[in-house]
Protein chains: 2
Amino acid sequence: MIIVWMKEGITMDQNKIPQATAKRLPLYYRFLNNLNQQGKKRVSSKELSEAVKVDSATIRRDFSYFGALGKKGYGYNVEYLLGFFRKTLDQDETTEVALIGVGNLGTAFLHYNFMKNNNIQIQMAFDADPEKVGTDIGDVPIYHIDELEEKLNGIKVAILTIPAHETDQVTDRLVEQGIDGILNFTPARITVPNHIRVHHIDLAVELQALVYFLKHYPLQVDQADK
Amino acid sequence: MIIVWMKEGITMDQNKIPQATAKRLPLYYRFLNNLNQQGKKRVSSKELSEAVKVDSATIRRDFSYFGALGKKGYGYNVEYLLGFFRKTLDQDETTEVALIGVGNLGTAFLHYNFMKNNNIQIQMAFDADPEKVGTDIGDVPIYHIDELEEKLNGIKVAILTIPAHETDQVTDRLVEQGIDGILNFTPARITVPNHIRVHHIDLAVELQALVYFLKHYPLQVDQADK
DNA sequence: ATATTATTGTGAATTTAGTCACGACTTCCA
DNA sequence: TGGAAGTCGTGACTAAATTCACAATAATAT
Ligand SMILES: NC(=O)c1ccc[n+]([C@@H]2O[C@H](COP(=O)([O-])OP(=O)(O)OC[C@H]3O[C@@H](n4cnc5c(N)ncnc54)[C@H](O)[C@@H]3O)[C@@H](O)[C@H]2O)c1
Ligand SMILES: NC(=O)c1ccc[n+]([C@@H]2O[C@H](COP(=O)([O-])OP(=O)(O)OC[C@H]3O[C@@H](n4cnc5c(N)ncnc54)[C@H](O)[C@@H]3O)[C@@H](O)[C@H]2O)c1
């Protein structure tokens, strides 16, 4: 077995962009979009910092990976920066997504459908329940999961909101169809070939972790908490 | 203005537990619970690693912050480890939570209500819509947001699933009532006094970040991807 | 018994992320 | 025009997290 490793971040474009930075980009983008809509022309790392709650040095550092986007003594030009990020985040082309599992969570996502500030659209949904199949939710058609192979049509990103015990089976079929990325809301940790990227969002874990932090990590006490 | 800083992680119990470790604890706990229910008696860091997708050295390191929980050459005793984590994660006492905003997401959470493997329970919900007030969802009563002060009754943790533009106003009221922690699903970054812990889960950002990674961070290509 | 195999716990090394602090440059006002 | 104020970009530092790699030890088989 020959394995070719392309370590992350040293390939393709010149992306040496740290992962931590990459995760913050959509946040910056959204906020810049707001500013722009408000007609704001310039913004400093300090202002941004207060709004997105990221240290201003971190913001400057993040931006600097893309070159010198600002002007010393001035700040950043909102429109320019926004345009830059639009290109960087590929906001011009829409990414099509499939959602699997139209239950409580899945339905919520379909109603919301991420199209507010961004380039991502749920194109179709699948469910195993015949009751749900055939209806639309917010213009998104719901197909039966048996039609996955037939309908998926080259979609590369999937959101998984099915019961945990169905996860492996469905994942295998998605992999078979050439999926590239999965946003997994089930508590199951899935196994996929390593060219596929999976992000887990484990809501129960998030809540438990918050509670754990509250009990065990007392925060700063500011005696003049105004 | 006098500020007393208690830096995180050097206070109270002997917790020098790194944050990254703390965030993984609920995950470990859940998986150990599964194992135990399956009647499994022992488990190695390698097995755990495959199941939860965390490097086995990281798992051993994580556990080691709590002392020597395993046996060399053997692994970990599932029951013992589980018992240990139950205590550590305070799984015996239930944490009461309030949910604010019974919309798409909020309703999904109410139906789910986290009580599966853990000690967290949504006790009550609030909404501004009179249509929703008065009904119950899965035994959780829905009150009008105007009753917040009256009903909240010392609850220390809140889940926020309201529209972004309502966030500051509602947050201030929660703070006023002495909330300790907020799990914020709105895209708004909220400002709170620094003894209050806020975790953001920004679903749109997560999805955008996944797409960004797919386009810009080609993963390892395994030529014998079996 | 003894050898073989499995697996921990942890120092040390490495990698990744975050922050400080300041020189360089811009803007803006008097 | 000159100087004060503001802000970036970044080298150097610090901190946090991960991973390597191996001695120590336990379980098991023969
Ligand atoms: N709802 C929440 O608040 C919440 C919180 C944390 C985690 N989760 C996790 O998210 C997932 C979904 O949760 P939910 O509350 O929406 O569950 P749900 O039961 O409401 O929805 C699951 C949906 O998947 C469908 N389904 C079942 N098998 C399928 C298959 N093979 N192919 C396609 N569809 C199939 C069902 O018909 C159902 O509509 C679960 O894994 C759950 O553990 C949910
Ligand atoms: N639904 C999703 O998939 C999704 C995805 C990403 C982010 N979000 C964010 O999560 C939040 C909730 O989303 P949603 O889709 O559930 O929205 P929603 O509009 O369906 O629900 C919001 C609910 O909050 C209630 N509300 C409004 N003002 C209130 C107040 N002052 N006090 C109490 N309740 C109030 C409304 O009556 C409504 O029931 C939003 O901020 C949204 O941006 C949602």
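Predicted, not measured: the structure shown is a model, and the values here were computed from it. Below, all heavy atoms of this structure are taken into account, side chains as well, without hydrogens, waters or symmetry copies.
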Checklist line | Side-chain N,O (B:T58) to OP1/OP2 (D:dT18) below 4.0 Å | finding: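 B:T58 to D:dT18 OP1/OP2: no side-chain N or O under 4.0 Å.
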Check: Hey, is the side chain of A:S45 poking within less than 4.0 Å of OP1 or OP2 on D:dT7, counting only N and O atoms?
Finding: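 No, no such contact exists.
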Item checked: Residue that, paired with B:L174, satisfies side-chain contact (heavy atoms from CB on, under 4.5 Å) out of B:V192, B:I190, B:I179, B:I196 ->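 That would be B:I179; it is the only one of B:V192, B:I190, B:I179, B:I196 passing the side-chain contact (heavy atoms from CB on, under 4.5 Å) with B:L174.
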Among all residues two or more places apart in sequence or in another chain, which pass the salt bridge (Lys or Arg N to Asp or Glu O under 4.0 Å) test with [X]?
X	result
B:D62	B:R24
A:K40	A:E47
B:R42	none
A:R86	none

Note to self: Suppose the criterion is ring pair (Phe, Tyr, Trp, His ring centres under 6.0 Å): which pairs have a residue in residues 167-192 of chain A, not counting sequence neighbours?
What the structure shows: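 Counting only pairs at least two positions apart or across chains, the ring pair (Phe, Tyr, Trp, His ring centres under 6.0 Å) contacts touching residues 167-192 of chain A are A:F109-A:F185.
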What are the atom names and distances for every N/O pair under 3.5 Å that joins the protein to nucleotides 24-26 of chain C?
from: C:dT26; atom 1: O4'; to: A:K72; atom 2: O; distance (Å): 2.6

Checklist line | Set of residues satisfying side-chain hydrogen bond (donor to acceptor under 3.5 Å, both in side chains) with respect to A:D90, sequence neighbours excluded | finding: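 For A:D90 the side-chain hydrogen bond (donor to acceptor under 3.5 Å, both in side chains) partners, ignoring immediate neighbours, are B:H216.
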Margin query: So, using side-chain hydrogen bond (donor to acceptor under 3.5 Å, both in side chains) as the criterion, who are the partners of A:S45 when residues are at least two apart?
Written below: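 For A:S45, the residues satisfying side-chain hydrogen bond (donor to acceptor under 3.5 Å, both in side chains) (neighbours in sequence not counted) are A:R60.
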Check: Given atom CD1 of B:I17 and atom P of D:dA15, what is their separation to the nearest angstrom?
Finding: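 Distance check: B:I17 CD1 to D:dA15 P gives 19 Å.
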Table of protein N/O atoms under 3.5 Å from nucleotides 11-14 of chain D N/O atoms:
from: D:dG11; atom 1: O6; to: A:R61; atom 2: NH2; distance (Å): 2.5
from: D:dA12; atom 1: N6; to: A:R61; atom 2: NH2; distance (Å): 2.9

Margin query: Considering every strand and a 4.0 Å limit on heavy-atom distances, what is the contact class for B:F63: base, sugar-phosphate, or nothing?
Written below: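 Nothing, no nucleic acid heavy atom in range.
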Next item on the list: Would you please name every residue forming a ring pair (Phe, Tyr, Trp, His ring centres under 6.0 Å) with B:F31, sequence neighbours left out?
Entry: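 Not a single residue meets the ring pair (Phe, Tyr, Trp, His ring centres under 6.0 Å) criterion with B:F31.
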Check: How bent is the helix from C:dA1-D:dT30 to C:dA30-D:dT1, comparing axes over its five end pairs at each side, to the nearest 10°?
Finding: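 Axis angle across the helix from C:dA1-D:dT30 to C:dA30-D:dT1, nearest 10°: 10°.
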Each nucleotide N or O in nucleotides 3-5 of chain C that has a protein N or O under 3.5 Å away: list the pair and distance.
none

Checklist line | Side chains of A:K53 and B:T191, donor plus acceptor under 3.5 Å | finding: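 Yes, B:T191 and A:K53 have a side-chain donor paired with an acceptor closer than 3.5 Å.
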